Amino acid sequence: MNSLGRLLRTLARYVEEGDKLLKEYVNRLVQEIPESTIVLFGSRARGDYLPIVTMILRLYLGMLMTYIVSY
């Protein structure tokens, strides 16, 4: 196996683990604060992210999101 192949497999594992952790985090937020709206921004939301990129999540609670959507 060449070094590029090992690097790509390692990066793929990081992406898979990051996806798993993100899903767990969002599921926990939904259970803990069901009236919230969670928005994912940036390259992660577009799907063109790299494993080293920071995720940007914004959590809107109840009335705030209702206000933003209504106006």
Side-chain angles (χ1 to χ4, degrees):
M1 176 185 320
N2 63 29
S3 58
L4 178 58
R6 283 193 303 272
L7 174 64
L8 292 175
R9 277 189 274 294
T10 300
L11 291 175
R13 282 195 303 273
Y14 284 133
V15 168
E16 289 172 11
E17 183 64 24
D19 288 347
K20 178 182 171 190
L21 291 172
L22 176 61
K23 287 177 187 175
E24 289 174 7
Y25 182 69
V26 169
N27 286 335
R28 185 168 178 191
L29 282 173
V30 167
Q31 290 174 1
E32 299 276 332
I33 315 169
E35 67 279 2
S36 64
T37 299
I38 303 163
V39 180
L40 180 63
F41 290 92
S43 60
R44 188 82 182 192
R46 290 190 308 269
D48 60 357
Y49 60 94
L50 297 173
I52 57 172
V53 174
T54 303
M55 284 183 253
I56 304 170
L57 283 178
R58 186 162 293 159
L59 176 65
Y60 296 99
L61 301 176
M63 289 299 293
L64 175 61
M65 194 59 196
T66 302
Y67 180 79
I68 291 171
V69 171
S70 297
Y71 294 97

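The first residue in the sequence is number 1, and the count goes up from there. No experiment lies behind these values; they were computed from the predicted model shown.
- Each of Asn27, Leu21, Leu29 was compared with Tyr25 under the side chain to side chain contact (heavy atoms under 4.5 Å, CB included) criterion, and only Leu29 meets it.
- Rounded to the nearest 0.5 Å, atoms CD1 (Ile38) and CG (Leu22) are 9.0 Å apart.
- Of the inter-residue distances, the one linking Glu35 atom CD with Thr37 atom OG1 reads 9.5 Å to the nearest 0.5 angstrom.
- Contact annotation: the side chain of Val26 never approaches that of Leu40 to less than 4.5 Å [non-hydrogen atoms, C-beta and beyond].
- Taking CG from Leu11 and CZ from Arg6, the interatomic distance works out to 13.0 Å, rounded to the nearest 0.5 Å.
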